[in-house]
Amino acid sequence: MKNFIFGKLTLDAIPHLWYTIAATVSIIIMMVVSVLFLTKTKRWGWLWHEWLTSTDPKKIGTMYLIFAALMFFRGLIDVGMVWLQQSIAVNSKGYLSADHFQQIFTAHGDIMVFFVTMGIFFGLMNWIIPLQIGARDLAYPFVNSLGLWLTVAGGILINLFFIIGGDFANTGWLATAPLSELEFNPSAGVDYLIWSLQLSGLGSLLAGINFIVTIIKERAPGMTLMKMPLFVWTSFFGMLLIITAFPVLTATTLLLWLDRFFGMHFFTNNFGGNPMMYFNLIWMWGHPEVYILVLPAFGMYSEIVATFSQKKISGYTSMVLAGFTITVLSYLVWLHHFFTMGAGPEVNSFFGIVTMLIAIPSGVQVFNWIFTMYKGKIIFASPMYWFIGFVAIFMLGGITGVFMASPPADFQVHNSLFLVAHFHTMIVGVALFGSFAGITYWFPKIMGFKLNEKLGIRAFWFWLIGFFVSFVPLYLLGFMGAPRRIDRYDASTGWQPLYITAMVGFVIICGGVIIQVYQFIVSIRDRKQNLDTTGDPWNGRTLEWSTPSPPPHYNFAIIPTVTSRDEFWQMKKRGEHPQLQKEYKEYKEYKDIVLPKNTAMGIYISGFAFLFSFAVVWHILWPAVIGLIGTIVCMIILSFDEHREYVLTAAEIAKIEASRVQG
C-alpha cells in the first residue's frame, strides 16, 4: 500500500542539504510575496483573464520573455557557482562536493539552452512574426498557448528537485549514457531531467509547427516568399529544424527512460546495449539545436544592420540561400562531436569536410552584413553595438570551429575546455547577444517606450569585455589539457590563474546584468520621456513599425497589401505612414475581425501533463493515471467547444482607431 501511494518517495526527498533548503526557502518566500501582492492589489482576476488564459500572441510572447528572464537568473547563479568552485579548488575540495558540482553543471546547460535562449526567441517570434508578415495572429492560437504552458511546466519540473528529491542529474546537460543509466544513477535526478525535456520539447514542437503554418498560410496579400523579412526566413528555418530534430530528442530520452524504468538495454554497457548509439542519436538532435538557437539571431542581426545602416540588406537572395544551406548542412555534421569514437578515417573525413563547408554560408552572411554597412548612414544605437560585438565574437567562434572540424586537431582538444569555450562563443556571443539586440530593438514596439540608451551601451561593454575575459582563458586551458566538467585539480597543472581570470570575467558579466536590470528600472521610471508616439522609433523598414506601439490586440485594422521587400520603407517614401496620419476612417471602411477567445485549456492540459511526469519520476501509478486521463479528457472537451472565437465589429474597430488618433 505504501508503494502504491508514495512510489519511490521517501522522507529523504524532503530538503535536507544546505542548497536544497536555501532554494526551497527562497521559492516559498517569492511565492508568498507574489500571493500577498496580488491579493492586496486585487489582481487575481486581472492576471487570470488578461494574461494567463490569453491567446493573444503578443501576451504569450511577453510571458515567454518573463519566464526566460527568471530562468536566466537561475542559470546565471549556476555558472557562478561552477566558476567559483574551479577557481578555488586547487589541491582541495573547494566548497562543493563532486556530485553537487556535476548537478549544477548539468542544470546550467539545460536551463540556458531549453528555457532561456529558446524562451527568448519564442517570445520575440510571437511578438514580431505576425506583425512582419501582416497577420493578426498565429495560425493556431490555442496551440500557441499550450506550447507556452508545456514549456513552463518543463521549467517548473526541472527546478522541482529542490523541493522534492534533493538531487538532480549529474550526467552533463545531454544526460550522457551510460552514466545516466540506472546502474550509475539510481536517484530521481535523471528522471526529472528526462521528463522536463519531454514537456518542454513537446511545447517547442507545437510552437515550431504553429510558426511554420503561420508563415506559409497567414502572410499578407502580395507578400511572396522572397518578400519576407529575413527574421521571418531564419525563424522559418529554425522551426523546420525543430519539427525534424526534436522528435529525435523525444525518442532518445524516452528510450533512456525505458532503460531506467523497465530495465531495458538500449544504451547500457551490457545485454546488447550500445552507449555510442546514444551519442549518435543525441547529437543528431544536438547539432541542429545549435542552429535552432543561432538562426533566429542571424535574422535579428539582419533586421538591425539594415535599419541602422539606413539601407536595404545586401544580397537578400544569397542570405536566404545561406540560411537554407546552413539548415540542410546542420543535419550532416553531428559526428564531429565525437571524432574520437573510432568510426574510422573515412567517416571522420566526411564529417570534417561537411563541418568546414558549413562555414561558407555563415561567411556569406557576415560579408553581406558588412556590405550593408558599407556606404550606409550608420546610426550607433545600442542594438547596433550588440551586432558589432557579435561579429567580433563570431569570427573567433568560426575560426575555432573550423579548427575543431579537423579530426587530428579535434583529437587534441576533444572533451577539453577548448570545446566549452567554442560552444559558449556560439551560444553566448551569437544567440544571447542576438537576444539582447532583438529585445532592445523591438522593446519600443512591445512596451511603447525606448530603453535607456546610455545604460544599454554600458551594459554591452560589460558583456563584451566580460565575455573575452571569461572564455579566452578557457581556450588556453583547453590547449593546456584541462578537461571539462572537473571540479578540482592539482596545483602543478598551473591552471588556477586562468580559472581565476575566467571568474573575474564572470564578475564583469554580472556587472553588465546589473546594469541591464537597472536599465529596465530607469526606463520604466522615465517612460514618459521616451514614449514611442509614431510606432517607428528607429526609422524601420518592415511592417511591424507601421503599427502603433504597442499594437492593438488585432495588430492591423486593415491588412496591408505588400508590394516590396521593405514594404514599410516604401510606404514612408510614398507618404503613407499610417501612424502620422491624423484622420481615421468611418467604420464602414473596416471589416469585422474574427479573433480567438481566451482559454484556460492550455494551463489545464499542461497541469495534467506535469502531474503525469512528476508521478512517472517517482513511480507513483495513481497520479500518473489521473494526469493521463485528465489530459485526454481536456482535449476531448476542447474538441467539442465550437465557440472559441468572437467577432470584433467594424464599428468597434473604428472606435479603437479613433481613440488612438485623437489620443
Side-chain angles (χ1 to χ4, degrees), residues 1-10 13-14 24 27 31 48 52-53 55 60 63 67 71 110 114-115 140 142-169 175 182 187-207 209 246-247 249-264 599-641:
M1 188 64 181
K2 181 180 178 181
N3 288 337
F4 175 78
I5 297 175
F6 296 107
K8 292 173 60 179
L9 263 177
T10 65
I14 298 173
T24 301
I27 292 170
M31 291 177 64
W48 179 259
L52 301 183
T53 61
T55 54
I60 290 175
M63 289 188 284
F67 172 71
M71 297 297 280
D110 286 297
F114 289 96
F115 302 106
Y140 307 117
F142 165 73
V143 172
N144 195 22
S145 172
L146 179 59
L148 165 68
W149 292 112
L150 284 171
T151 301
V152 171
I156 294 172
L157 192 65
I158 205 172
N159 287 287
L160 192 63
F161 76 93
F162 280 123
I163 301 175
I164 303 174
D167 291 321
F168 189 60
L182 198 62
S187 71
V190 174
D191 298 302
Y192 267 126
L193 175 57
I194 289 173
W195 285 99
S196 67
L197 298 189
Q198 292 286 337
L199 291 174
S200 63
L202 179 58
S204 298
L205 182 63
L206 292 175
I209 295 170
F246 263 77
L249 174 67
T250 299
T252 304
T253 51
L254 185 61
L255 292 175
L256 176 61
W257 177 76
L258 291 174
D259 279 2
R260 293 176 57 84
F261 192 84
F262 289 110
M264 295 186 178
T599 176
M601 275 299 182
I603 298 176
Y604 297 151
I605 292 174
S606 299
F608 281 118
F610 174 86
L611 177 62
F612 172 82
S613 300
F614 174 79
V616 170
V617 167
W618 289 105
H619 298 197
I620 312 174
L621 179 61
W622 60 272
V625 172
I626 292 173
L628 185 60
I629 293 175
T631 301
I632 295 172
V633 168
C634 284
M635 295 177 69
I636 292 173
I637 293 173
L638 185 71
S639 68
F640 282 97
D641 185 0

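Note that this is a predicted model, so its numbers are computed, not measured.
- Closest heavy-atom contact between Val616 and Phe261: O-CE1, 4.4 Å.
- Around CZ of Phe614, the count of heavy atoms belonging to other residues, nucleotides or ligands within 6.0 Å exceeds 12.
- The minimum heavy-atom distance between Ala615 and Pro623, with the atom names listed, is CB-CG, 3.6 Å.
- Within the 4.5 Å cutoff, no side-chain heavy atoms of Phe161 are placed close to those of Leu193.
- With contacts defined as side-chain heavy-atom distances shorter than 4.5 Å, the pair Val625/Trp622 does not qualify.
- Atom CG of Leu182 and atom CG of Asp259 lie 9.5 Å apart (nearest 0.5 Å).
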Discussion item. Determine whether Ile209 and Val143 satisfy the following criterion, side-chain contact (heavy atoms from CB on, under 4.5 Å), listing intermediate values before the conclusion.
Written reply: CA-CA 9 Å; Ile209 295 170; Val143 172; over 6 Å; no
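- The line from CD1 of Ile158 to CZ of Phe168 is 4.0 Å long, rounded to the nearest 0.5 Å.
- Not counting sequence neighbours, the partners of Met635 by the side-chain contact (heavy atoms from CB on, under 4.5 Å) test are Ile605, Thr631.
- Residue Ser204 comes nearest to Phe246 through the heavy atom pair CB-CE2, 4.1 Å, listed as atom of the first residue, atom of the second, then distance.
- Annotation for Phe6: atom CZ does not count as buried by contact number, only 12 or fewer foreign heavy atoms lying within 6.0 Å.
- Of all heavy-atom pairs spanning Trp48 and Thr53, the tightest one is O-OG1, 2.7 Å.
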Item to complete: Mind running side-chain contact (heavy atoms from CB on, under 4.5 Å) on Met63 and Val152 for me, showing each step along the way?
Response: CA-CA 10 Å; Met63 289 188 284; Val152 171; over 6 Å; no
Acceptor/donor pairs from residues 144-151 side chains to any protein atom, 3.5 angstrom cut, sequence neighbours excluded:
residue, atom, partner, partner atom, Å
Asn144, ND2, Asn126, OD1, 2.5
Trp149, NE1, Leu52, O, 3.3
Thr151, OG1, Gly147, O, 2.9

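- The CH2 atom of Trp195 lies 10.0 Å from the CG atom of Leu157; values are rounded to the nearest 0.5 Å.
- Shortest non-hydrogen contact noted between Phe142 and Thr599 is CD1-CG2, 3.9 Å.
- Across every non-hydrogen atom of Ser196 and Phe115, the tightest pair is O-CZ, 4.3 Å.
- The line from CD1 of Ile629 to CG of Leu611 is 11.0 Å long, rounded to the nearest 0.5 Å.
- Remark: Leu199 CG to Phe610 CZ distance equals 8.0 Å, nearest 0.5 Å.
- By the side-chain hydrogen bond (donor to acceptor under 3.5 Å, both in side chains) test, Ser200 is found to be paired with no residue, residues two or more places apart in sequence or in another chain being considered.
- The closest side-chain heavy-atom distance from Ile637 to Asp641 is not below 4.5 Å.
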Item to complete: Start with the C-alpha distance between Phe608 and Val633, add both sets of side-chain angles, then the distance that settles side-chain contact (heavy atoms from CB on, under 4.5 Å), and finish with yes or no.
Response: CA-CA 10 Å; Phe608 281 118; Val633 168; over 6 Å; no
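- Distance check, rounded to the nearest 0.5 Å: CD of Gln198 to CG of Leu249 gives 7.0 Å.
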Practice prompt. Applying side-chain contact (heavy atoms from CB on, under 4.5 Å), run through Leu638 and Tyr604 and close with a yes or a no.
Written response: CA-CA 11 Å; Leu638 185 71; Tyr604 297 151; over 6 Å; no
